Engineer: 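Structure below; questions to follow.
Atoms within each ligand, like the ligands themselves, are counted from 1 in listed order. As the structure is a prediction and not an experimental result, all values here were calculated from the model.
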Amino acid sequence: MGSSVEQNILVTGGAGFIGTHTVVQLLKEGFKVSIIDNLDNSVIEAVDRVRELVGPDLSKKLEFTQGDLRNKGDIEKLFSKQRFDAVIHFAGLKAVGESVGNPRRYFDNNLVGTINLYETMAKHNCKMMVFSSSATVYGQPEKIPCMEDFELKAMNPYGRTKLFLEEIARDIQAAEPEWRIVLLRYFNPVGAHESGRIGEDPKGIPNNLMPYIQQVAVGRLPELNVYGHDYPTEDGSAVRDYIHVMDLADGHIAALRKLFDDPKIGCTAYNLGTGRGTSVLEMVTAFEKASGKKIPIKLCPRRLGDATAVYASTEKAEKELGWKAKYGVEEMCRDQWNWANNNPWGYQKKR
Ligand code: NAD
Ligand code: WQD
């Protein structure tokens with residue numbers, strides 16, 4: 001089954017970083033899209049820009065509802081109005097440090113929200129889901145590249161919500177085999193849409209490397225703290241698998257097609273990464289090259305809980321989803337800089 005019959009997709013958290021980029025691709029691929037987002041970590045301007053990017057005709061196939069997954073009534077309202085063929089479930093809180101200080105907020109938002117979603121989907125007989133999991137479920141992997149059948153472990157409450165939600169998905173599918181669920185384990189999503197109109201816009205001081213580098217480049221922050229320069233890696237800094245958000249968006253289309261086409265999919269996990277590792281210092285150099293800006297750095301002690309090197313095995317996604325990342329670090333930095341340069345204060349004028 002292709003998308004020619006105009007499948008209708010509910011996208012939770014569709015106003016966020018990965019959500020907006022995925023919605024652009026979904027609309028371009030001919031899907032109808034309904035977003036539910038409580039705008040806790042996003043702004044409506046991002047959805048307006050998605051509309052602008054896809055143009056007036058495709059915009060008619062996008063609807064937005066401000067709602068919260070913790071309120072079952074908000075989800076029920078959507079399902080009682082229309083039939084959804086599948087759900088892409090991005091909505092969730094994702095700040096590791098915040099989850100350590102306030103685990104109840106994470107369990108309430110990520111777990112209760114998702115359970116409400118499953119309940120409402122089951123009631124309305126919509127049993128296909130693409131779920132945003134994370135490489136965090138590999139903890140500090142003993143071997144690299146990470147394979148989908150590695151033992152799973154969580155290092156913090158945020159990671160535990162992803163681990164629990166993976167287990168919950170497996171249990172639901174085992175009990176009711178008609179469910180088809182794809183768990184996508186993203187590695188380190190970076191970059192932005194090539195137009196420079198949508199991108200990542202974290203509130204407050206960024207926790208993640210690329211948004212931090214971006215804010216140094218535009219002069220919002222004075223220097224980058226490089227956490228760890230004594231790792232057993234080539235240049236002493238930690239290694240991660242950065243993946244362009246547009247590749248990630250296309251990975252969701254591939255996962256949806258798999259759900260529609262493969263009745264035997266059950267509940268299956270796939271890594272979405274490039275399979276290549278890049279160190280923090282290599283990333284800084286690549287960003288300097290793309291932006292023409294100097295990124296002053298300060299070498300600092302390691303960040304608690306960080307692994308030395310994490311990157312994906314991409315074999316399973318390539319073989320079973322027919323998906324492979326197209327972009328490298330150069331394009332990631334080019335597009336991230338284009339977004340930063342055009343929107344130094346993100347979606348707001350200035351904060
Ligand atoms: P994001 O914060 O930009 O987007 C998440 C969106 O969900 C936000 O717009 C937020 O307002 C919304 N939301 C949160 N709780 C909600 C609720 N209860 N009801 C309705 N809407 C709610 O984050 P993102 O980077 O786009 O991440 C999307 C998903 O991918 C998350 O589940 C995240 O855990 C996962 N993930 C992200 C990364 C990453 O580094 N960005 C890596 C791995 C996995
Ligand atoms: C990358 C590297 C840092 C900031 C996190 C979550 C993970 C997933 C992706 C959601 C590390 C170093 C960072 C800085 C630095 N998210 N760094 N200075 O930790 O690999 O993964 O985001 O699921 O769950 O844990 O990503 O971007 O925070 O860090 O030196 O100011 O950059 O120490 O080596 P991480 P990150």
Engineer: Which atoms from ligand 2 have a heavy atom of Thr136 less than 4.0 Å away?
Structural biologist: 24 (O)
Engineer: With heavy atoms of Asn225 as the reference, note each atom of ligand 2 found under 4.0 Å away.
Structural biologist: 14 (C), 15 (C), 18 (N), 30 (O), 31 (O)
Engineer: Does Lys94 come within less than 4.0 angstrom of ligand 2, counting non-hydrogen atoms of the residue?
Structural biologist: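 Distance cut 4.0 Å: Lys94 fails for ligand 2.
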Engineer: Should Lys162 be listed as contacting ligand 1, given a heavy-atom distance under 4.0 Å as the test?
Structural biologist: yes
Engineer: Assess Pro189 for proximity to ligand 1: is some non-hydrogen atom of it under 4.0 Å away?
Structural biologist: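 Pro189: in contact with ligand 1 (<4.0 Å).
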Engineer: Considering only the protein, which heavy-atom contact is closest to atom 28 (C) of ligand 1, and what is its distance?
Structural biologist: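 Result for atom 28 (C) of ligand 1: Phe90 O, 3.6 Å.
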Engineer: Give the numbers and elements of all ligand 2 atoms closer than 4.0 Å to a heavy atom of Val280.
Structural biologist: 2 (C), 12 (C), 30 (O), 32 (O), 34 (O)
Engineer: Out of curiosity, Tyr118 OH to Trp179 CH2, how far, rounded to the nearest 0.5 Å?
Structural biologist: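 Result: 6.5 Å between the selected atoms.
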Engineer: Should the proximity of Leu39 to ligand 1, defined as any heavy atom under 4.0 Å, be assigned to the side chain, the backbone, both, or neither?
Structural biologist: backbone
Engineer: Out of Ile205, Asn188, Thr233, who is nearest to atom 9 (C) of ligand 2 when you count heavy atoms only?
Structural biologist: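 Going through Ile205, Asn188, Thr233 one by one, Asn188 has the nearest heavy atom to atom 9 (C) of ligand 2.
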Engineer: Closest by any non-hydrogen atom to atom 17 (N) of ligand 2: pick that one out of Tyr186, Tyr227, Phe187, Tyr138.
Structural biologist: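 Nearest heavy atom to atom 17 (N) of ligand 2 lies in Tyr227.
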Engineer: Tell me the protein heavy atom at minimum distance from atom 13 (N) of ligand 1, and give that distance in Å.
Structural biologist: Asn38 OD1, 3.4 Å
Engineer: Does ligand 1 have an atom that lies less than 4.0 angstrom from a heavy atom of Ser133?
Structural biologist: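 Ser133: in contact with ligand 1 (<4.0 Å).
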Engineer: Nearest to atom 41 (N) of ligand 1 by heavy atom, Gln66, Glu200, Lys94: which?
Structural biologist: Lys94
Engineer: Is there a polar contact, in the sense of an N or O pair closer than 3.5 Å, between Leu224 and ligand 2?
Structural biologist: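 No, Leu224 has no N/O under 3.5 Å of an N/O on ligand 2.
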Engineer: Would you please determine whether Ala46 falls within less than 4.0 Å of ligand 1 on a heavy-atom basis?
Structural biologist: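 Judged by the 4.0 Å heavy-atom criterion, Ala46 does not count as contacting ligand 1.
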Engineer: Report yes if the side chains of Tyr327 and Met246 come closer than 4.5 Å at any heavy-atom pair, otherwise no.
Structural biologist: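 Sidechains of Met246 and Tyr327: in contact.
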Engineer: Taking 4.0 angstrom as the limit and counting only heavy atoms of Ala238, give me the atoms of ligand 2 inside it, by number and element.
Structural biologist: 34 (O)
Engineer: For atom 2 (C) of ligand 2, which of Tyr231, Tyr158, Tyr242 has the closest heavy atom?
Structural biologist: Tyr242
Engineer: Can you sort out which atoms of ligand 1 are near Gly67, meaning under 4.0 Å from one of its heavy atoms?
Structural biologist: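 That gives atoms 19 (N), 20 (C) of ligand 1.
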Engineer: Hey, what do you get for CG (Asp37) to OG (Ser42), rounding to the nearest 0.5 Å?
Structural biologist: 3.5 Å
Engineer: Quick one: which ligand 1 atoms are inside 4.0 Å of a heavy atom on Ser132?
Structural biologist: 29 (C), 30 (O), 32 (O), 35 (C)
